[in-house]
Each structure stands twice: as C-alpha cells, then as structure tokens.
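First up is the structure itself, then whatever we jot down about it.
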Number of protein chains: 2
Amino acid sequence: MENTKGFLEHLVERLRTQGYRLTPQRMAILSTIVYSHIHPTAEEIYQQVAADFPMISLATVYKTLNVLKNLGIVAELQMDGSSHYDRDLTPHPHLVCVQCHSIADLPPETMSKMSQEALSTTGFRALWYDIKIYGLCAQCQAQGEETADPLMAPCLFQSQTI
Amino acid sequence: MENTKGFLEHLVERLRTQGYRLTPQRMAILSTIVYSHIHPTAEEIYQQVAADFPMISLATVYKTLNVLKNLGIVAELQMDGSSHYDRDLTPHPHLVCVQCHSIADLPPETMSKMSQEALSTTGFRALWYDIKIYGLCAQCQAQGEETADPLMAPCLFQSQTI
DNA sequence: TTCTCTCAAGAAAATGATTTTCCACAGGAC
DNA sequence: GTCCTGTGGAAAATCATTTTCTTGAGAGAA
C-alpha cells in the first residue's frame, strides 16, 4: 500500500470536516480497515478493535461503519449474507477463493472495456458495479483441490468453468 | 422464453428422478420461477403461490427453494441482503436499476473475453462469477432521474460513472 | 386392505447479522 | 458553569432465513 499513514490522516480530516467527532473508537475502527488487507467483516473489525478497547460494543462498530460508508470513506462488499469492508472505493472486481475464503482485488481497468462494449446496445447507464469471481486461488490450487469447502458445494454444483 | 412448458416438465422430471415427491406446492413454486421474468425473491414467490394455496407457509417456500438450488434447478442471486431466484443457471451478468429495482440479464458471452484476459496473470482458477452492474435502465432515464431511490443514495454517493 | 415408513407441509421457535432504542455521559459553544 | 448535541454501550428489536416439532399423506410391503 502507498503511504497508508497519510491516507488515514486524510480520511480522519474528512470525518472531522463533516462535523463528526473523532473518538478513539472511531480512530481504531478506521485504522483497522485502512491497514487491513483482508476486506474484514464487522465482526472481524470488532475482534481487532476489542484488543485495544475491551468495552467496545458491536453496535458501535456497526454505527461507525455506517457513518464511514455514508461519507464514502469505506465501501461495503456483500458476500453471501454478510458484509465486508474495503478501504478502496474505486470499483474493482474481486476474486473469491472458495476454499480459503480469501478475497483478492483485480485492477479496475479490467472492467472498463467490457462495460463499454457490453452495455452500448442496452441503453442501460452504468453507475457502478459489483463483480465477484469465485474459484481457487493459486495457493489452494497448489495444495490440491480435494478439500473444497463443503459449504460452497451447492454453488460448485451448478458451475462450469467460465 | 423458449418452450417454457417443455422446460418446466423437464425440471419436474429431474426432481422426480432425484427421489423428491412432486407436491402441488412444489409445482407451484417451480412454475412461478420458470414463468417469472423478474428474478423473484422468496417473499414474492410466496405471495404469488399463496394466491392458489392460501395455507402455504413461507418455510415451505424456503425449503423448496433450497431443494431446487441444491439440485441445480434454480440459481440464487444475492442482492443487498435478500436472495432472488433465477431460472437461468448459465452464469451471466445482471443489470440492476437503482430506481425501479428491475433486474435485467446480459448475455453470458459478455464475460468470457474479460475473464480470460484478466485472470491469465493472476493464477486464479475461475469457476463461476457474480456480476451486478448498477445504474439506470432505459425507461428510468427517459422519465428523468430526479427521483432516484433515496435508499440507494449511500451507494450513489461513492460512485462515478464507470 | 392394512401396516409401516419416509417424506413433506405448516406453525412456531430459533438463528444470525444488523439496526434501533434508550440512557448516561463527554466535549464544545455560550 | 450551563446547555446542547453527538456518541458509546447494553439490551431489545428487526428481518430474512433456517430449524424444530408435530401431524398428515403417499408409496410400498405384507
């Protein structure tokens, strides 16, 4: 990541200029997201922040995440039933490993060609997108595929390699 | 749609050969999905089926949808918090209108070029995908955009045209 | 036909992620 | 210091979905 420190300070400044108070809890939540590379869930953020603030409530995490989301400071990424949070607001595709559940990013340019070509005939005006590509990451392929997550079995059932 | 009648019979046959009983409720749920063009939710399917079976329970709808999903007869499509059901199992992108909430399909070919190019360098082995493009459908653009759904505002806030 | 045996439907309770409510408190404005 | 609004935390509420439990219906065996 680029200069994460400066980036964090910039986000903090945005919070303040929008009239929000800068509490220790909010700082902790924001920096957890900014320094994380795993697109954490609310629960994961809560666990991490609770290491420093044992009294923090999950409700506070959710409230703060909604503030950050509505200010356009973090992006929400919905994955089968629960939300993950992404510090990167630029729309970009995600690669989701069905075995280790890792979520990787793909560069945003990947999408632009397709969207222009594909949408030109539909009359649809695209504003943003949500792309998830499910499969096996390089590591999990290397380890062999015999142990695919049974939770993902229903999804795999209906899939063919694309 | 092609010959929907024959298609429905084919699905019914698959249910039977897998050892599932063919109850009136299941027939009604399956045909609701097959004849629908709106990618209905469980609740919408329930409402529709309840017109013929006033005693049906929402739990029955959910149980049946899980059976159909696990047999690979219908596909589940997750949209901000709730599931929609699609009779078309071939992975294909969806166009979601942020104003009228309609969900349209894009042909599957749209994706293939991109996936090959984009993934070739990552080592990721794609199995299937989930693509949603959010924006305004042709009708809503024609009606003017002043009345964008306030519920979608948080999303719009962080978007730029892609 | 009658007796099982299993599957399915329906009602109600349970679940899990998220949101709301309510109250006490803390920081800034006056 | 006093007021005022924003905030954190606990607990209750919500919403979609799943599970549990009980009853009944259908298929097959005797």
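Every chain is numbered from 1 and lettered A, B, ... according to where its sequence line falls, protein lines coming before strand lines.
- Applying the side chain to side chain contact (heavy atoms under 4.5 Å, CB included) test to A:P107 and every residue at least two apart in sequence or in another chain returns A:E109, A:T110.
- Note: CG (B:L22) to P (D:dA25) measures 18 Å, nearest angstrom.
- Atom pair A:L68:CG and D:dT7:C1' shows a separation of 14 Å (rounding to whole Å applied).
- A:T41 comes within 4.0 angstrom of no nucleic acid atom, judged by non-hydrogen atoms across all strands.
- Contact check, A:T60 against D:dT7: no side-chain N or O comes under 4.0 Å of OP1 or OP2.
- With rounding to whole Å, B:R16 atom CZ is found 13 Å from D:dG26 atom C1'.
- A:S82 comes within 4.0 angstrom of the backbone, heavy atoms only, and of no base.
- With rounding to whole Å, A:Q18 atom CD is found 15 Å from D:dG6 atom C1'.
- In the set D:dT17, D:dG9, D:dG8, the nucleotide with an atom closest to the side chain of B:Y62 is D:dT17.
- Residues B:Q25 and B:A59 each lie close to DNA chain C; by heavy-atom proximity, the contact nearer the 5' end of the strand is made by B:Q25.
- Between A:E43 and A:Q47, the side chains place a donor N or O and an acceptor N or O closer than 3.5 Å (distance only, hydrogens not considered).
- With hydrogens and angles left out, the side chain of B:K69 and the base of D:dT17 share no donor-acceptor pair within 3.5 Å.
- If you take CE of B:M55 and P of D:dA25, they are 13 Å apart, rounded to a whole angstrom.
- For A:R21, whose side chain is taken as the heavy atoms from C-beta onward, the closest listed nucleotide among D:dT7, D:dG9, D:dT17 is D:dT7.
- Under a 3.5 Å cut-off, the side chain of B:Q48 and the backbone N or O of B:I45 do not form any donor-acceptor pair.
- The residue among B:H84 and A:R26 whose nearest nucleotide of DNA chain D lies closer to the 5′ end is A:R26.
- With hydrogens and angles ignored, the 3.5 Å screen pairs a side-chain donor or acceptor of A:Q141 with a backbone N or O of B:G123.
- For the pair B:K63 and A:T64, nearest-nucleotide mapping onto DNA chain D gives the more 5' position to A:T64.
- Among residues two or more places apart in sequence or in another chain, the side-chain hydrogen bond (donor to acceptor under 3.5 Å, both in side chains) test is passed with A:K63 by none.
- The aromatic rings of B:H39 and B:H94 stand perpendicular to each other, their planes meeting at an angle above 60°, with 30° marking the opposite boundary.
- Rounded to an integer number of Å, the gap from CG of A:N66 to P of D:dT7 is 13 Å.
- In the 5' to 3' direction, nucleotides of DNA chain C lying under 4.0 Å from heavy atoms of chain B begin and end at C:dT6 to C:dA12.
- A side-chain donor-acceptor contact under 3.5 Å links A:Q78 to the backbone of B:G81.
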